[in-house]
J.: 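Below you will find the structure I want to go over with you.
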2 protein chains.
Amino acid sequence: MTALAFDRHNHDRCIAGALKRAETHCGARRLQFTATRRRVLEILLQEHRAMGAYDILAVLSSEGLGSQPPAAYRALDFLVREGLAHRIEGLNAYAACALPVHGPGHGPEHGQEDASDHGHVPAFLICRGCKAVAETETGLAQGRLGAAAREAGFSVERVVVEAEGLCPGCAGAGA
Amino acid sequence: MTALAFDRHNHDRCIAGALKRAETHCGARRLQFTATRRRVLEILLQEHRAMGAYDILAVLSSEGLGSQPPAAYRALDFLVREGLAHRIEGLNAYAACALPVHGPGHGPEHGQEDASDHGHVPAFLICRGCKAVAETETGLAQGRLGAAAREAGFSVERVVVEAEGLCPGCAGAGA
DNA sequence: CGGATATATGTAATGTTATAACATATCAAC
DNA sequence: GTTGATATGTTATAACATTACATATATCCG
C-alpha cells in the first residue's frame, strides 16, 4: 500500500469489506461483478488514491485483463455508475468509494439524482503531493448553492465538491 | 449571444464592464492585458458559457491571433491565474468570471490561497444542455468539508464546487 | 537613449485522456 | 437451446493539454 488516506487503518480489512459490499450491491441488482470490474475496484482500494484510467489499464494489461483503453474505461464507468468509485474531476482520475454507508436496496448511492432533496453530496480532500483521497459528505444544497439554484430555477443533478491541498504527511515533507 | 446565464440582462453592458474591470485589474498590477488575452476574455464574456480551449483557439485562429494550442492555453492560464476566468473541471472548459466583486488592490480573487480562512469559494451552476454557466459563491470551509479537513490536518488550497444540471430553458425544451 | 532583464508569443512536436464504431463472446431468461 | 441483453475485444480517432526552444516585445534602470 502506498498512500493512506491521512490516517492509519486496517487496510486489508477495509479492502475486503469494500469488495464484499460491492459484491452484495451487484448481486442485489442482478449486475455482473465481473473479473475486470472486481479487479479495477480492488486496485483502487489497494492504492487508496486517485489513479488515472491509463494507470489502471497498465495493471490490467500486465494481468491479461485487457490491453485497450475501453477495458479500463468500461470498468470505471460501471463502478462510478454504481457508486462504487468516484471520478475526481480535478485530476481526471478515479478513486474507490470510501464510504460504507450504502447498503443494498438503495437507488443512487449518493443522492446524485436530485441533490436538492437531501444534499448528500460526496466531497473529497485530495492531496496534490501523494494524490491520496479522503472522502466525506457535505450538505450543500441547503446552503448558498442550493439557494442560487432554486432562485434561478435550475435543477441540480450532480454536484462536484473537491478540495485540493496537502495532507499532513506531504505538508511535513515540504511539498 | 447564445446562452444567457438563465436570466435576462444587459449583456453588452455586462461585457463592457467586465472588460473594463479586467483592464483596471491588470493596470494596477503592472500586468499586460494584451490583445490575445483581452480577446479571449471577450469571447468568454460574449458567449456566456463554458468553452473548450480549442473552441477559443478556433476563434483566435480565424482572427489571426494565433494558430497553435499554446496561444489559447496561455491566455486562459493568465485569465484563470488572475481570477478573471475560471476553469470548469467537470467540462474541461473555461468560463469568464461573472462576479464583479473584486476590485483592484486585492490578493487572490477568490480566496484560493487558503480557503479555510473565509470560505470564499466560487461555485458554478452548469447546464448540461446549453453549457451556460452561472456563478455564485459558497461558504464551504465552515461546513462539513472544512471540519473534515481540520480533523485530518489537511490544508486546503483550492476548492472546486460545480453543480451540473438543467437550466430552466433546457429543462423546458425537454433535454 | 540603449542595453539588460523579464515577459509574451510563434512554432513544432508530443503527451495524456477519452470515445466511436463494430465484431465477437458470454450471460440470463424463458 | 434459442433468444435478447450485457460484456468484452479491437482498431481507429477525437479531444484536451504540455514541453521545448526560438523569437519578439515590453519594462526597467543607468
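Order of the sequence lines fixes the chain letters, A, B, ..., with proteins taken first and strands second; residue numbering starts at 1 for each chain.
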J.: In whole Å, what is the span from the CG atom of A/Leu57 to the P atom of C/dT17?
T.: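 To the nearest whole Å, that distance equals 12 Å.
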J.: Where the side chain of A/Ala53 is defined as all heavy atoms beyond and including C-beta, which of C/dA18, D/dA26, C/dT9 is the nearest nucleotide?
T.: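 Selected nucleotide (nearest to the side chain): C/dA18.
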J.: For B/Tyr73 and D/dA15, what is the distance between atoms OH and P respectively, to the nearest whole Å?
T.: 12 Å
J.: If you measure from the Lys or Arg side-chain nitrogens to the Asp or Glu carboxylate oxygens, is any gap between A/Arg21 and A/Glu23 under 4.0 Å?
T.: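 The answer is no: the pair does not qualify as a salt bridge.
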J.: Check whether any side-chain N or O of B/Arg74 sits under 4.0 Å from OP1 or OP2 of C/dT11, and answer yes or no.
T.: no
J.: Tell me whether A/Glu63 at atom CD has more than 12 heavy atoms from other residues, nucleotides or ligands lying less than 6.0 Å away.
T.: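 Buried by this count: over 12 neighbours within 6.0 Å.
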J.: Check whether any side-chain nitrogen or oxygen of B/Arg30 sits under 4.0 Å from OP1 or OP2 of D/dT27, and answer yes or no.
T.: no
J.: In whole angstrom, give the distance that lies between atom CE of A/Met51 and atom P of C/dA18.
T.: 14 Å
J.: Taking CZ from B/Phe33 and C1' from D/dT25, how many angstroms apart are they, rounded to a whole number?
T.: 18 Å
J.: For C/dT9, take OP1 and OP2 only and decide whether either is under 4.0 Å from a side-chain N or O of B/Thr34.
T.: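 Yes, within the criterion.
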J.: When you check the phosphate oxygens OP1 and OP2 of C/dT17, does a side-chain N or O of A/Tyr54 lie under 4.0 Å from one of them?
T.: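 Answer is no, no contact under 4.0 Å.
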J.: Does B/Tyr94 place a side-chain N or O at less than 4.0 Å from the phosphate oxygens OP1/OP2 of D/dA17?
T.: yes
J.: Centre of B/Phe78's six-membered ring, under 6.0 Å away, within 45 degrees of the axis: is that where NZ or CZ of B/Arg37 sits?
T.: yes
J.: Whole angstrom is fine here: how far is it from CG in B/Asp77 over to P in C/dT7?
T.: 16 Å
J.: Tell me if a side-chain donor or acceptor on A/Glu164 pairs with a main-chain N or O of B/Arg158 at a distance below 3.5 Å.
T.: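 Checking the backbone N and O of B/Arg158 against the side chain of A/Glu164, no donor-acceptor pair under 3.5 Å is found.
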J.: Tell me the interatomic distance from B/Arg87, atom CZ, to D/dA17, atom C1', rounded to whole angstroms.
T.: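 Nearest whole value for this atom pair: 9 Å.
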J.: For the pair made of CZ in A/Arg81 and C1' in D/dT6, what is the distance, rounded to whole Å?
T.: 11 Å
J.: When you check the phosphate oxygens OP1 and OP2 of C/dA8, does a side-chain N or O of B/Arg38 lie under 4.0 Å from one of them?
T.: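 Checking C/dA8 against B/Arg38, no side-chain N or O comes under 4.0 Å of OP1 or OP2.
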J.: In whole angstrom, give the distance that lies between atom CD1 of A/Ile88 and atom P of C/dA18.
T.: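 These atoms are roughly 12 Å apart.
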J.: Starting at the 5' end of DNA chain D, which residue's closest nucleotide do you reach first, B/Pro70 or A/Ala71?
T.: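 First, find each residue's nearest nucleotide; the 5'-ward one identifies A/Ala71.
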J.: Quick check: on DNA chain C, is the nucleotide nearest B/Gln68 upstream (toward 5') of the one nearest B/Asn92, or the reverse? Name the residue that is more 5'.
T.: B/Gln68
J.: Do side-chain atoms of A/Glu162 reach the backbone of A/Phe124 as a donor and acceptor pair under 3.5 angstrom?
T.: no
